[in-house]
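Report on the following structure.
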Amino acid sequence: MTTYSDHPQHWARIQESGTVAGMRAMVWIRRRLGRLPFRLALGLVIAYYYISRALPRRASRRYLERIWPLHAGRPLRGAFLLGLRHFMAFGQSLMDKVDAWSGIPLDIRFTPEDRACLDQAIRSGRGGLMLVSHIGNLEICSAMSDTREDFHVTQLMHTRNARKFNQMLDRTTLRRGPEIIEVSEITPATAMRLAERINAGGFVVIAADRVPVSEDGRVCHLDFLGAPAPFPEGPFWLAALLRCPVYTLSCLREGESHYIEFRPFDDTTHLRRAERDTWREDAMQRYVEWLTDQCRRYPLQWFNFFPFWLTDDRHDG
């Protein structure tokens, strides 16, 4: 176990760009003028952001250099244009979020196996912890909770550096959002609240691919796409403490459709205290393997535009 206090570009310290007015203008174009004008405007905005913001552009390039041989079977070529496509995929995901919470119909699909797994998890009444990542579009999964009375979701997330976007969602969307708990404010009382949610059949969602907000948060350095990268221990300690079923969840875009993958990961209901350390180490490795497979299949949908690998700091100076 180590801490992460020496990282020069902690993701939580990087403020979002843009204004609420600009975001609302994009939403107005999407709703009033339609898809094509929106895509044109989005292209201009994303191109400007891509050219003007060096840190996320470099982070995207580092990631694509690592994932592309695994995805395509050859080294990265045309890095500038592929990086721009990466940013465009992120811009599209933001508008998909707005659509999801605005009641605009989206083509959401399951494989029979994923649908059966989700239905079984809900019908069991046991609730559970859902491990997610910054790949795909979690907001669409959360929006489903507004369409099923038997599917209750509580999200653990860092919202302070995305206040503008959240403010815009509050002002322009028509649906209520899920319950959100700020991850930098988890206390023993918060953990008890989460246990109550799960015991009542609800689901707690937490991303396990970003280091803790607190600089003294505990991380484990694991091999990810060929180099060591820090992953937070917190989600896995929480899974052990909550003693519940654990799942992985993602929503991945294919063309105009969104495919939801909901898979069983583990069950800590009967995990003994003496087994927690061993279980955590094994579970973190399995999570990294799951994330690697997700990135390999959908390389342009991992939206983590910050220095992620330990070697990135030395390269980027």
pair [X]-[Y]: side-chain heavy atoms closer than 4.5 Å:
X	Y	result
Ile260	Ile108	yes
Tyr50	Met88	no
Val219	Phe231	no
Gln285	Glu289	yes
Leu194	Glu196	no
Phe87	Tyr49	yes
Trp237	Leu242	no
Leu222	Met284	yes

How long is the straight-line distance from [atom2] of [Y] back to [atom1] of [X], given to the nearest 0.5 Å?
X	Y	atom1	atom2	answer
Arg210	Phe308	CZ	CZ	9.0 Å
Met130	Leu156	CE	CG	11.0 Å
Leu55	Ser60	CG	OG	11.0 Å
Phe306	Asn304	CZ	CG	6.5 Å
Cys295	Trp68	SG	CH2	12.0 Å
Ile198	Thr154	CD1	OG1	8.5 Å

Going by ring-ring contact (aromatic ring centres under 6.0 Å, His included), name the residues that satisfy it together with Tyr247, two or more places apart in sequence or in a different chain.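 So Tyr247 forms a ring-ring contact (aromatic ring centres under 6.0 Å, His included) with Phe262.
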Qualifying residues under side chain to side chain contact (heavy atoms under 4.5 Å, CB included), relative to [X], sequence neighbours excluded:
X	value
Arg297	Leu252, Glu261, Asp293, Gln294
Ala54	Arg57, Arg58
Glu281	none
Ser93	Phe90, Asn137, Phe303

Start with the C-alpha gap between Phe203 and Phe151, add the side-chain angles, then the distance that decides, and say whether ring pair (Phe, Tyr, Trp, His ring centres under 6.0 Å) holds. CA-CA 8 Å; Phe203 294 86; Phe151 187 43; 5.6 Å; yes
Would you name the heavy atoms of [X] and [Y] that are closest together and state the gap between them?
X	Y	answer
Ser124	Ala121	OG-O, 2.8 Å
Val132	Leu249	CG1-O, 3.5 Å
Ala208	Leu131	CB-CD2, 4.4 Å
Leu310	Pro230	CD2-CD, 4.1 Å
Leu129	Ala239	CD2-CB, 3.5 Å
Asp223	Val288	O-CG1, 3.5 Å

Would you find a donor on one side and an acceptor on the other, under 3.5 Å apart, between the side chain of [X] and the backbone of [Y]?
X	Y	answer
Asp282	Thr278	no
Thr268	Leu271	no
Asp209	His134	yes

Going by the rule salt bridge (charged side-chain N to carboxylate O under 4.0 Å, His left out), which residues pair with Arg193 if we only count those two or more places apart in sequence or in a different chain? Glu179
Report the residues that fulfil salt bridge (charged side-chain N to carboxylate O under 4.0 Å, His left out) with Arg272, sequence neighbours left out, ordered by chain and then residue number. Glu275
What pairs of donor and acceptor atoms, side-chain ones from residues 71-82 against any protein atom, are under 3.5 angstrom apart with sequence neighbours left out?
from	atom 1	to	atom 2	distance (Å)
His71	ND1	Arg296	O	2.7

Could you tabulate the donor-acceptor pairs under 3.5 Å formed by side-chain atoms of residues 37-44, not counting sequence neighbours?
from	atom 1	to	atom 2	distance (Å)
Arg39	NH1	Gln92	OE1	3.3
Arg39	NH2	Glu256	OE2	3.2

Using the six-membered ring wherever Trp is involved, compare the ring planes of Tyr287 and Phe236 and label them parallel, tilted or perpendicular (cut-offs 30° and 60°).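 Tyr287 and Phe236: perpendicular rings.
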The test is ring pair (Phe, Tyr, Trp, His ring centres under 6.0 Å); show your working for Tyr63 and His86 and say whether it passes. CA-CA 10 Å; Tyr63 161 70; His86 191 196; 5.6 Å; yes
Do you reckon Ile135 sits in the same ILVMFWY cluster as Tyr259, going by side-chain contacts under 4.5 Å, direct or chained? no
My understanding is that only residues two or more places apart in sequence, or in another chain, count here; which of them pass side-chain hydrogen bond (donor to acceptor under 3.5 Å, both in side chains) with Asp266?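 Partners of Asp266 by the side-chain hydrogen bond (donor to acceptor under 3.5 Å, both in side chains) criterion, ordered by chain and then number, come out as Trp279, Arg286.
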Can you list the residues that meet the side-chain hydrogen bond (donor to acceptor under 3.5 Å, both in side chains) rule with Asp107, with sequence neighbours excluded? Arg109, Ser257
Side chain to side chain contact (heavy atoms under 4.5 Å, CB included) between Arg243 and Leu241: does it pass, once the steps are laid out? CA-CA 5 Å; Arg243 301 174 66 85; Leu241 291 172; over 6 Å; no
Any cation-pi pair here, Arg62 with Trp309, using under 6.0 Å and within 45°?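 Checked: cation-pi criterion not met.
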Pairs meeting criterion salt bridge (Lys or Arg N to Asp or Glu O under 4.0 Å) with involvement of residues 116-137, two or more places apart: Asp119-Arg148, Arg126-Asp267
May I ask you to check whether Phe224 and Trp290 place their ring centers less than 6.0 Å from one another? no
